Amino acid sequence: MDLNKLYELHLAGEKPRLVVIPTFRFYRPVLTTRLIESCDVIKKLSYKKKQGSLNTEVFACQKKQNHTKFNHLPIILLHDSSPWEEANCYLMSLIENTHKFEALPSYQQLYRKALSIKGFSEFIVAEKINFKECKSRAKSPLRRYRFMLNEKMKIREISANTIKVTMLNLVSFYRYLIKTEKIKFQYPPWDEKERYIQYRGQSGNYINHRVISSDVSQVHGIKHANIKNAAFEGKIIDGGTLRPLSIDEQKTLIFTLKEVGSIEMTLVHLHGLITGARKQTILTYRRHQFLKEPEVNSNGMVCLYAGPHPGKGILADCKDTRNVNKLEKIWIPLLLYKKTQIYLNSERATRRLEKAQSKRPMHDINDQYLFLSQHGNPLYIGKNDPYIGTFKQRPNGQALETFIHDRLIPALRRNGFVNHYKFHDTRATAGMNLVRFGFKLFEKESGELTKNQNIELIFQYVKKRLNHASLHTTEQYLHFDEKVNLAEGFQNSYEQHLKLLMEGLV
């Protein structure tokens, strides 16, 4: 890394960037200078700026060794369009060093790490910092970067949680430099300490977990404070900061969706509002999941699976998690299931299906996605899609977000919807609908159960329906209305007090 050259390019307005390799095959290299018959090739990355394309150099590796592929590997290019060798080797090590019985890291995980390192590269070039040197504790590249991020947080350009995630990713990168690249620093880039964290398991019992933490990545009490205080602002922390919609807002949303006239987007939003399923799950529903005659439980609900299931074929995706065998149940009212079936058999859906099969044919046509674009493309690519490597950029629901931004929100504004809206708000809305109707149901009952028993039953039901891993997340829904009403009550009383004071001064 020639800092002087990169600094000149930085002054000229050049920036580092990420390039995604659609399909990356990795092998264990042969430690020999001779080419032998059992050798295959692996390609070393270089980048041609004028053509805007990746070039390759070839070296030998052994065919018989285990190899696999990773789809959409992010590669960091510096200001002069040269690949950053250490950073890219680190990213590749995360998949090469994965145990054969473990799942490869997800594309989202690697992309987030690459994004953190890319931002770090902008800083070290702009400040002319040699990232391989640490001549004193104060001159640690990581501490200097952390200080810059803190300054951004003070003016609310970034959040405290962003700082924590970014610094954790950079500490992981530096651990690789020390352990694998054998880079020695005069002073440690960060200070470490051992501590224990306590969390509640799925059974509700508290578990102590030993961790080694670094001072540069410590931002104390972020998650707890956010979850504890979010409801006072009318928000819920559940995979993001969400705002449950009121009943009137839900009616306006559905009315506006019908007015805009996209049956696919209307159904997608209905599934979000009623089931609480995530965008990733809804947009990767498969046709065969809605073709059969549904099995309806005593509550009039149909159960759909999301995640890996050996007996159910290719299913919708569930959220990325460390538990690679996680299986979620999505509970759909029979009426919504029937409406989805009607769309599935419509002429409009059939045309999109034919286009999808002509581009990317599935062995079983009913393994195709339920919701497709008008050109037959998936709105969100499934994790196990055989054509995932053919996309230069993964479809991750961009079409849905574009629809919301360009068509839905302007129409909502015309119909009197004044608050901010994003699709993930439908998840919080579904959870709050369950809680509110649950409390109304118990109010009508004969009072055989105590209030605490009622709350516990609602708590377990909401946790099951929304597939929450954390009990703290579900707890937010139970106390949300109480906190919102409390905050509004305080605000109204305070405003009345100020009004009386001001009237007395006039």
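Nothing here was measured: the structure is a model prediction, and the numbers come from that model. Side chains included, hydrogens not; waters and symmetry mates left out as well; all remaining heavy atoms used.
Heavy-atom contacts from other residues, nucleotides or ligands closer than 6.0 Å to CD of Glu151 number more than 12. In this structure, Phe147 places its CZ atom where only 12 or fewer heavy-atom neighbours from other residues, nucleotides or ligands lie under 6.0 Å away. Shown here is Asn150, whose CG atom has more than 12 heavy atoms of other residues, nucleotides or ligands within 6.0 Å.
In this model, a donor atom of one side chain and an acceptor atom of the other lie less than 3.5 Å apart for Asn169 and Ser116. With 3.5 Å as the limit, one finds a donor-acceptor pair spanning the side chains of Glu264 and Tyr343.
In this structure, the side chains of Thr473 and Ile237 stay at 4.5 Å or more apart for every pair of heavy atoms. Contact annotation: the side chain of Pro105 approaches that of Ile95 to within less than 4.5 Å [non-hydrogen atoms, C-beta and beyond]. At a threshold of 4.5 Å between non-hydrogen side-chain atoms, the residues Leu115 and Leu18 count as touching.
Of the residues His269, Met265, Arg413, the one that meets the side-chain contact (heavy atoms from CB on, under 4.5 Å) test with Leu408 is His269. Residue Arg394 is tested with Ile381, Asp385, Val20 for a side-chain contact (heavy atoms from CB on, under 4.5 Å); the sole match is Ile381.
Closest of all the heavy-atom pairs between Leu253 and Leu245 is CD2-CD1, 3.9 Å. Of all non-hydrogen atoms in Gln374 and Lys355, the two that sit nearest each other are O-NZ, 2.9 Å. Residues Trp190 and Ser214 approach most closely at CD1-CB, 3.2 Å, considering heavy atoms. Among all heavy-atom pairs drawn from Pro294 and Leu334, the shortest one is CG-CD1, 3.8 Å.
One distance of note links OG1 of Thr275 with CG of Leu304; it measures 9.5 Å at 0.5 Å rounding. The OG1 atom of Thr266 lies 12.0 Å from the CZ atom of Phe255; values are rounded to the nearest 0.5 Å.
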Leu370 and Ile282: CA distance, side-chain angles, deciding distance, side-chain contact (heavy atoms from CB on, under 4.5 Å) verdict: CA-CA 9 Å; Leu370 169 63; Ile282 297 170; over 6 Å; no
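The pair Lys279-Glu401 meets the salt-bridge criterion, with a side-chain N (NZ, NE, NH1 or NH2) lying under 4.0 Å from an Asp/Glu carboxylate O. For Glu354 and Arg348, the salt-bridge test fails: no basic side-chain N is under 4.0 Å from an acidic carboxylate O.
With a 6.0 Å cutoff to the six-membered ring centre and a 45° limit on the axis angle, Arg287 does not count as a cation-pi contact of Tyr369.
In this structure, the side-chain hydrogen bond (donor to acceptor under 3.5 Å, both in side chains) partners of Ser172, at least two apart in sequence or on a different chain, are Tyr90.
Proximity of a side-chain donor or acceptor of Arg352 to a complementary backbone N or O of Leu372 within less than 3.5 Å is detected.
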